[in-house]
Amino acid sequence: MVADPFDRAVRLLARARSCVALTGAGASTESGIPDFRSPGGVWERFRPVTYQEFLASEEARREHWRYKAATVPEMLRARPNPAHEALATLEREGRLLAVLTQNIDGLHQKAGSRRVVELHGTNRETECVRCRRRDPIEDALRRWERENEVPTCLSCGGWLKPATISFGQALRPEVLDEAVRLAREADCFLAVGSSLLVQPAASLPLLAKEAGASLVIVNLTETPVDPVADVVLRGRVGEIVPRLVARALAEARVSEEREPE
Ligand code: NAD
């Protein structure tokens, strides 16, 4: 008998000992942070400034800071939603190795997740493009609002950029290596709220699958990786992920009571 997809996902997660989750912008839309591609998404309002443009042109730096000033304060105020909380619970219960995230909003950490690999960096800090000094972003935002000048580094005078990976900027190799290692270590890979169109996020579930993990995708819309997934659950992450985690933890407890190790 073919089980219902949700029940199959519960079974895969309940059996897993070292699950790894990958989250995209869809994990945070229910916290009020729009994603990039859906209608009303960020790219309908702002043009992305590449890293090369940021380094080369004052107008591009100003454009980037205008965009960040318009979006980051809201992101810093956002609260985790039930999907972030469920993933934090799964980690606390010793069943989730890590969250790999494309998000830059820090909501997994706010929900209590401890091991979070931020593939695209973070909006919570700035980084000096010259000396790499990092600071909380609030001070740079205040300076931008007050002086309307691109904020500069208090150590070396270099330009400050929110510590996210811009278009045209390479991912940090050590961050990518860690994500790849974790994806290969996973026995169950859970992709949550990601269109899986952006690299390297799109390749991580495939790496996990090649290394023997089961693959569960939770997303509102189709992804190019759906055909190789063991289960695809179509819907809102804030509704599906907490139910999935609660049921899987309950099922895992029952089977452990039946077969004590
Ligand atoms: P994306 O915008 O390409 O895709 C998001 C996916 O989530 C879409 O397929 C959409 O259908 C789905 N989705 C939206 N709301 C959902 C919900 N409630 N439940 C289930 N699915 C939902 O985002 P991406 O694939 O993550 O990649 C784009 C890049 O945008 C990311 O790399 C990230 O750096 C950046 N980004 C981050 C944030 C954030 O930090 N919250 C927000 C916007 C963009």
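Salt-bridge annotation for R243 and E239: present, with a side-chain N of the basic residue lying under 4.0 Å from a carboxylate O of the acidic one. The pair R253-E93 meets the salt-bridge criterion, with a side-chain N (NZ, NE, NH1 or NH2) lying under 4.0 Å from an Asp/Glu carboxylate O. Look at E251 and R95 and you find no salt bridge, because none of the NZ, NE, NH1 or NH2 atoms lies under 4.0 Å from a carboxylate O. No salt bridge links D177 with R181; every basic N to acidic carboxylate O contact stays at or beyond 4.0 Å. With respect to R66 and E59, a salt bridge is recorded, a charged nitrogen being found less than 4.0 Å from a carboxylate O. No salt bridge links R11 with D230; every basic N to acidic carboxylate O contact stays at or beyond 4.0 Å.
Distance alone, capped at 3.5 Å, places no donor-acceptor pair between the D35 side chain and the A25 backbone. K68 contributes no side-chain N or O that, together with a main-chain N or O of K161, makes up a donor-acceptor pair within less than 3.5 Å. Checked by atom type and distance alone, the side chain of R184 never pairs as donor or acceptor with a backbone atom of A208 at under 3.5 Å. No side-chain donor-acceptor contact under 3.5 Å links D135 to the backbone of T126. Of the possible polar contacts, none joining the R133 side chain to the E127 backbone as a donor-acceptor pair under 3.5 Å is found. At least one donor-acceptor pair under 3.5 Å links the side chain of S194 to the backbone N or O of L196. Of the possible donor and acceptor atoms, none in the side chain of R247 sits under 3.5 Å from a partner among the backbone N and O of D7. Although no hydrogens or angles enter the test, the distance criterion places a donor-acceptor pair under 3.5 Å between the side chain of N103 and the main chain of G24. Checked by atom type and distance alone, the side chain of R79 never pairs as donor or acceptor with a backbone atom of K110 at under 3.5 Å. Counting only distance, with no hydrogens or angles, the side chain of S113 and the backbone of V116 share no donor-acceptor pair below 3.5 Å.
Connection of L206 to V180 is established within a shared hydrophobic cluster, with ILVMFWY side chains joined at heavy-atom distances below 4.5 Å, either directly or through further cluster members. Residues Y51 and L171 do not share a hydrophobic cluster, clusters being chains of Ile/Leu/Val/Met/Phe/Trp/Tyr side chains in contact below 4.5 Å. No continuous path of hydrophobic side-chain contacts links V49 to M75 [ILVMFWY only; heavy atoms under 4.5 Å]. Linking Ile, Leu, Val, Met, Phe, Trp and Tyr whenever their side-chain heavy atoms come within less than 4.5 Å leaves V225 and L197 in two separate clusters.
Every residue meeting the side chain to side chain contact (heavy atoms under 4.5 Å, CB included) condition with P82, not counting sequence neighbours, appears here in chain and number order: P242. The side chain to side chain contact (heavy atoms under 4.5 Å, CB included) search around N81 returns E30, S31, A83, H84, not counting sequence neighbours.
Once rounded to the nearest 0.5 Å, the distance linking CG of N219 with CG of D226 reads 7.5 Å. Taking CH2 from W65 and CD from E149, the interatomic distance works out to 13.0 Å, rounded to the nearest 0.5 Å. Put simply, CZ on F189 and CG on L97 are 11.0 Å apart, with the number rounded to the nearest 0.5 Å. For the atom pair CG (N123) and CD1 (I104), the distance works out to 4.0 Å, reported to the nearest 0.5 Å. Taken to the nearest 0.5 Å, the CD1 atom of I165 stands 12.5 Å off from the CD atom of Q102. Between atom CD of residue Q169 and atom OG1 of residue T164 there is a gap of 7.0 Å, rounded to the nearest 0.5 Å.
When each of E178, E185, E91 is paired with R115, the salt bridge (charged side-chain N to carboxylate O under 4.0 Å, His left out) condition holds for E178 and for no other.
Between the side chains of S28 and D105, a donor-acceptor pair is found at a separation under 3.5 Å.
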(message) Please evaluate residues R62 and N148 with respect to the criterion side chain to side chain contact (heavy atoms under 4.5 Å, CB included), reporting the C-alpha separation (whole Å), side-chain torsions for both, the decisive distance (0.1 Å), and the verdict.
(response) CA-CA 9 Å; R62 296 184 62 77; N148 199 26; 3.2 Å; yes
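Through chains of ILVMFWY side-chain contacts below 4.5 Å, L233 is grouped with F6, V10, L12, L13, L87, L90, L96, V99, L190, V192, V216, V218, V231, V237, I240, V241, L244, V245, L249.
Counting heavy atoms from C-beta outward, E74 and I33 have side chains that stay 4.5 Å or more apart. Between L119 and L204 there is a side-chain heavy-atom pair separated by less than 4.5 Å. By the 4.5 Å heavy-atom criterion applied to side chains, S195 and T223 are not counted as neighbours. Using a 4.5 Å cut-off on side-chain heavy atoms (C-beta onward), I137 and L76 make contact. Q109 is listed as a side-chain neighbour of R124, based on a closest heavy-atom distance under 4.5 Å. The shortest distance between side-chain heavy atoms of P162 and V72 does not fall below 4.5 Å.
Shown here is Q52, whose CD atom has more than 12 heavy atoms of other residues, nucleotides or ligands within 6.0 Å. Counting heavy atoms of neighbouring residues, nucleotides and ligands inside a 6.0 Å radius, atom CD of E222 does not exceed 12 of them.
Here the shortest heavy-atom pairing between P200 and L176 reads CG-CD1, 3.5 Å. Nearest approach of C153 to C156, heavy atoms of both residues: SG-N, 3.4 Å. What you find for T29 and P34 is that their closest heavy atoms are CG2-C, 4.3 Å. In this structure, V150 and E58 approach most closely via the heavy-atom pair CG2-OE2, 3.8 Å. Listed here is the closest heavy atom pair of P205 and L215: CB-CD1, 3.7 Å. Residues A201 and L22 share a closest heavy-atom pair of O-CD2, 3.6 Å.
Aromatic ring orientation, F54 versus H64: perpendicular (interplanar angle above 60°, classes split at 30° and 60°).
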